[in-house]
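Report on the following structure.
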Amino acid sequence: QVQLVESGGGLVQAGGSLRLSCAASGSVFYLNTMGWYRQAPGKQRESVATITRSGTTNYATSVKGRFTISRDNAKNTVYLQMNSLKPDDTAVYYCNAWEGKNYWGQGTQVTVSS
C-alpha cells in the first residue's frame, strides 16, 4: 500500500499564490505518473496537472501558465505551485500516484476569495 499525504491548502485572495505538497510513503518502488486533481462542489473531479517520473508534464487548459507541477523523486514528493489564483480554482485538491494501481490522497481544501 502507498499512502499519500497532502499539505499546503488554505484560503487566499484572488491573485495570490499557494504551494501544495504531496508526500508518498509505504510500499513505494517506482511511482510513475503523479498528479493533482481537483473537485469543486457539484462538479466532477478533474485533472489539473500530471508529471511522469522523467519530468514530462501535462496541464489542464484552465491552469496553463499559472500552475507549475514538479516532483522530487528522492523524496517521493510532488508539488503544485499555484499562482494568479482565481475564485474558479476553489476546490478540494487531491494528489494521485500510480504504483501498480491508482492511489489518492485525502484531499486539501483550496479556497480563493474574490
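Values below: every heavy atom of this structure, side chains too, minus hydrogens, waters and symmetry copies.
Counting heavy atoms from C-beta on, the side chains of Asn76 and Leu31 come closer than 4.5 Å. Looking at Tyr103 and Asn96, their side chains never come closer than 4.5 Å, going by heavy atoms from C-beta outward. Looking only at side-chain heavy atoms (C-beta outward), Leu85 and Leu18 come within less than 4.5 Å of each other. In this structure, the side chains of Tyr30 and Arg53 come closer than 4.5 Å at one or more pairs of heavy atoms. Gln106 has its side chain within reach of Glu6: a pair of non-hydrogen atoms, C-beta onward, lies under 4.5 Å apart. Thr90 is listed as a side-chain neighbour of Gln109, based on a closest heavy-atom distance under 4.5 Å.
Looking at every heavy atom in both residues, Ser84 comes nearest to Ser17 through N-OG, 4.4 Å. Across all their heavy atoms, Gln3 and Gly26 have their closest contact at OE1-CA, 3.6 Å. For the pair Gly9 and Val110, the tightest heavy-atom approach, listed with the atom from each and the gap, is CA-CG2, 4.2 Å. Contact detail for Ala40 and Ala91: the closest heavy-atom pair is N-CB, 3.8 Å. For the pair Ser21 and Trp36, the tightest heavy-atom approach, listed with the atom from each and the gap, is O-CH2, 3.6 Å. Between Gln81 and Asn83, the closest heavy-atom pair is NE2-OD1, 2.9 Å.
The OH atom of Tyr93 sits 5.5 Å away from the CE atom of Met82 when rounded to the nearest 0.5 Å. With rounding to the nearest 0.5 Å, the separation of CD1 in Ile69 from OG1 in Thr56 is 11.5 Å. Note: Ser70 OG to Arg19 CZ = 6.0 Å, rounded to the nearest 0.5 Å. Atom OG1 of Thr68 sits about 11.0 Å away from atom CZ of Arg66, to the nearest 0.5 Å. Between the CG atom in Leu80 and the SG atom in Cys95 there is a gap of 10.0 Å [rounded to 0.5 Å].
A cation-pi arrangement, defined by a distance under 6.0 Å to the six-membered ring centre and an angle within 45 degrees of its axis, is absent between Arg71 and Tyr79. Stacking of Arg38 on the aromatic ring of Tyr94 is not recorded, the 6.0 Å distance cut-off and the 45° axial limit not both being met.
In this structure, Trp104 has its ring center closer than 6.0 angstrom to the ring center of Tyr37.
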- Task: Take Glu99 and Ser27 through the side-chain contact (heavy atoms from CB on, under 4.5 Å) test and state the conclusion after the steps.
- Result: CA-CA 9 Å; Glu99 183 68 71; Ser27 300; over 6 Å; no
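Side-chain contact annotation: Thr77 with Asp72, donor-acceptor N/O pair under 3.5 Å absent.
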